[in-house]
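Letters go in sequence order (proteins before strands), and every chain restarts at 1.
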Number of protein chains: 2
Amino acid sequence: MTLKQLEAFYWAASCANFSLAAERVCVSISSLSKRIAELEVSLGVILFDRSGQRALLTDAGAALLPRAQAMLRDAEAIRRDVTHDSGIRGTCRFGVGELTALTWLPTLVSNARQRYPELRLEPSVDAGSSLGALERRVHDGALDFAVIAGRSSSPEMTSVDLGEGRFKWVGAPALVGNARVVTAKLLASTPVITLPPGTGTHRVLDEWLGANNHETPQRLTCNSWGVVAGLLVEGLGIGFLPVAWADQLTARGELRSLGTRHALGPLRYAFYRRRDDTRPLVTAMMEVVRESIDFSVPGRWMRR
Amino acid sequence: MTLKQLEAFYWAASCANFSLAAERVCVSISSLSKRIAELEVSLGVILFDRSGQRALLTDAGAALLPRAQAMLRDAEAIRRDVTHDSGIRGTCRFGVGELTALTWLPTLVSNARQRYPELRLEPSVDAGSSLGALERRVHDGALDFAVIAGRSSSPEMTSVDLGEGRFKWVGAPALVGNARVVTAKLLASTPVITLPPGTGTHRVLDEWLGANNHETPQRLTCNSWGVVAGLLVEGLGIGFLPVAWADQLTARGELRSLGTRHALGPLRYAFYRRRDDTRPLVTAMMEVVRESIDFSVPGRWMRR
DNA sequence: CGCGTTTACGCCTCACGTAAACATC
DNA sequence: GATGTTTACGTGAGGCGTAAACGCG
């Protein structure tokens, strides 16, 4: 039994498949498989049930899992304490939505690089695909954490609230004319440009429509905030943008702000991580996220 | 950092020198040294101060020691629990005095072999050398434990009381004639045959002499109980033997029991182990010792 | 046939022991 | 010179990745 074997086993048991685990451990799938097989020989116990297509933990494997985790945690603690070093190094893969990517992600990367120079960051931007995609990738072990709108659905995940983003209704001056508010008539005559169903933003729209008893208007969706803003500026419909973006474009005269009876609900963001992943790396990154997150950034792509 | 490196480090730090540690780990001194050197490189810390003749723990090494021990303990616990196995295997080196060796040591070996068939026992009999020899060998790491008369002197050792052995004065019929008690006159005219100074038995004699205000008689010492008994039977002096031995030889008529005003003090035996050695192996062996120890065994060598 | 895991195999590193060298007392 | 540790070095096992094979859906 070696620490390498325990590490291979732990990640293989924690990730969706050996492939993802092998990436974590930075070895080939073949080596990962062999390390696990050797651990099984060493302990004289079968850890995975290979009868199916994917390897599943046996009871013995489930019994070993927490102990292996404890060993790895202790080993990490030794490296950290004896070396007098944060121990935050290696690779950190995380996911964010496109809105985050376009606003405070650069701040996050900058802060993280400054605080943990030896940490290699691999942000993965999920461009408005279905809401659960990032969460699933965290759950599968492909990502260390994700910043997502909404709360966790799986009991194996934990989410920590990070604050909320707010939106403002806007429309191109040429489209809305003298209108200053979003009326039922306006909604009936022009499409709402927003993100696709399944995204947090789309849900904000649904809730707003329900609260205002509006009929469902025609929707024009695109999975890119940049494109959404562009379409709005082009006057192809009305919609809402993050407050900072809306203010900037309104100040330039490219868009006009539209009032509403009820304000758009906020979009709450949360830090998602696997409940059983207690690595200091993830907690450290959560702190960096907390101090980097800022919904008032106008978005770099706008600074033409 | 590997478990092997931690193991090498732990035993090197716990034993008196690398030689003894290498025996524990069952590798050459060279390999042990290299493992430690590699651990130092891996952690980026010097663990031993090699300036002197013997390697001494540095502060960093002292900080690592308990953590390394914890890691090894956990690793052992995994092997034990996952394998559903006592985990008592390998080699157990221990020391006993000659009196023990001649009485209940066979019982101990038998019980231990029955209970832990995979455990290889290496008893080391200390034939009446100085009292501290066995204790020092335990302290140095050459032995896992020892059964010694008397209590621990070092704060790094713990001793657990195991019971007491009692003695009876005897003399050969031809020597003592009609005498039935040990008198000052008898002590003045004939030597006392016993173990050498520094042994627990010798101390029992000293205390008895003091309690009875006897002058120090002539002593004939030998580091072998067998020889002592033989000399007594041959009538070369008086002395005392473990009760069971004395009774047996008295019943055969080879010796005659001698009364005294004050009885000989008991010789208390204790199980000695290093305080910081918390291996289940040692505790398990202590249990076997407790159920094997029996001072009423007449001693196998007597069954001619 | 795709996906996930294992096996085959050549390569090369690394860990081992023997023996010599080194250092301290 | 005795004791204790490290270095030199040749050898062999074992861990690695590529690529092919296997097995389940």
Side-chain angles (χ1 to χ4, degrees), chain A residues 1-43 45-58 60-61 72 75 90-91 136-137 139-142, chain B residues 1-43 45-58 60-61 64-65 72 75 90 133 136-137 139-142:
Chain A
M1 185 176 68
T2 70
L3 287 174
K4 282 203 218 178
Q5 290 169 0
L6 289 173
E7 189 186 25
F9 164 74
Y10 172 72
W11 286 111
S14 299
C15 294
N17 52 49
F18 284 19
S19 237
L20 292 173
E23 281 192 26
R24 290 271 188 181
V25 189
C26 296
V27 294
S28 68
I29 306 174
S30 156
S31 292
L32 187 96
S33 167
K34 225 182 309 186
R35 282 190 191 175
I36 294 169
E38 280 160 3
L39 179 60
E40 287 176 319
V41 170
S42 160
L43 293 178
V45 163
I46 300 298
L47 299 171
F48 284 97
D49 173 14
R50 279 105 160 161
S51 66
Q53 178 166 329
R54 49 199 324 118
L56 293 174
L57 264 191
T58 61
L72 297 174
T91 302
R136 185 179 47 73
R137 290 176 65 195
H139 183 268
D140 285 355
Chain B
M1 185 176 71
T2 69
L3 285 173
K4 282 202 213 178
Q5 289 169 0
L6 289 172
E7 188 186 24
F9 163 75
Y10 172 72
W11 286 111
S14 300
C15 293
N17 53 49
F18 284 17
S19 236
L20 291 173
E23 281 193 27
R24 290 270 188 182
V25 189
C26 295
V27 294
S28 68
I29 305 173
S30 159
S31 292
L32 188 97
S33 167
K34 225 184 305 185
R35 282 190 190 175
I36 294 168
E38 279 160 5
L39 180 60
E40 288 177 318
V41 170
S42 160
L43 293 178
V45 162
I46 300 298
L47 299 170
F48 284 97
D49 172 14
R50 278 104 161 161
S51 66
Q53 176 165 331
R54 48 199 325 118
L56 292 175
L57 263 191
T58 62
L64 176 61
L65 187 53
L72 297 174
R136 185 178 49 71
R137 290 175 67 196
H139 183 268
D140 285 355

Nearest to the side chain of B/Phe18, heavy atoms from C-beta on, is which of C/dT6, D/dG15, D/dT6? D/dT6

Please report the distance, rounded to the nearest Å, between CG in A/Leu57 and C1' in C/dT5. 15 Å

Whether the A/Ser51 and A/Asp49 side chains hold a donor-acceptor pair (N or O, under 3.5 Å, no angle test) is what I'd like checked. yes

For the pair made of CD1 in A/Ile29 and C1' in C/dT7, what is the distance, rounded to whole Å? 14 Å

Heavy-atom nearest pair, A/Ser31 first then A/Val27, reads CB-CB, 4.1 Å

According to a strict under-4.0 Å criterion, is B/Ser31 in side-chain N/O contact with OP1 or OP2 of C/dG17? yes

Would you mind telling me which of D/dT7, C/dA15, C/dT5 lies closest to the side-chain atoms of A/Asn17? C/dT5

Using a heavy-atom cut-off of under 4.0 Å over every strand shown, decide if B/Lys34 touches base, sugar-phosphate, or nothing. base

Without decimals, in angstroms, what is the distance between A/Asp140 CG and C/dC3 P? 15 Å

Does the B/Arg54 side chain pair with the main chain of B/Asn17, one donor and one acceptor, at a distance under 3.5 Å? no

Looking only at N and O atoms, is any donor in the side chain of A/Ser33 or the base of C/dT7 less than 3.5 Å from an acceptor on the other one? no

B/Leu56 atom CG is separated from D/dT3 atom P, nearest whole Å, by 19 Å

Heavy-atom closest contact (B/Ser19 atom, B/Ile29 atom, distance): OG-CD1, 3.3 Å

Whole-Å distance separating the CD atom of A/Glu40 from the C1' atom of C/dT6: 12 Å

Tell me the interatomic distance from B/Arg35, atom CZ, to C/dG17, atom C1', rounded to whole angstroms. 12 Å

Atom NZ of B/Lys4 and atom CG of B/Leu32: how far apart are they, to the nearest 0.5 Å? 12.0 Å

Global bending angle along the helix from C/dC1-D/dG25 to C/dC25-D/dG1, which compares the axes of five pairs at either end, to 10 degrees: 20°

If you check every side-chain atom of A/Ser28, which of D/dG4, D/dT18, C/dG4 has the closest atom? D/dT18

Looking at A/Phe48, is its backbone amide N or carbonyl O close enough to the side chain of A/Glu40 to form a donor-acceptor pair, meaning the two atoms are under 3.5 Å apart? yes

Roughly, in whole Å, what's the span from CG in A/Leu32 to C1' in D/dC16? 13 Å

Taking the nucleotide of DNA chain D with the closest heavy atom to each, which residue, B/Arg54 or A/Cys26, is nearer the 5' end? B/Arg54

Here the pair of heavy atoms bringing A/Leu20 nearest to A/Cys15 is CB-CB, 4.0 Å

List every contact pair, protein side and nucleotides 23-25 of chain C side both N or O, where the distance is under 3.5 Å.
unit_1	atom_1	unit_2	atom_2	d
C/dT24	O3'	B/Gln53	N	3.4
C/dT24	O2	B/Gln53	OE1	3.1
C/dC25	O4'	B/Gln53	OE1	2.9

By nearest-heavy-atom nucleotide on DNA chain D, the more 5' of B/Ala16 and A/Lys4 is B/Ala16

Sole candidate of A/Thr2, A/Leu6, A/Val45 that passes side-chain contact (heavy atoms from CB on, under 4.5 Å) when paired with A/Leu39: A/Leu6

Let me see the working for A/Leu57 and A/Phe9 under side-chain contact (heavy atoms from CB on, under 4.5 Å), right down to the final yes or no. CA-CA 10 Å; A/Leu57 264 191; A/Phe9 164 74; 3.7 Å; yes

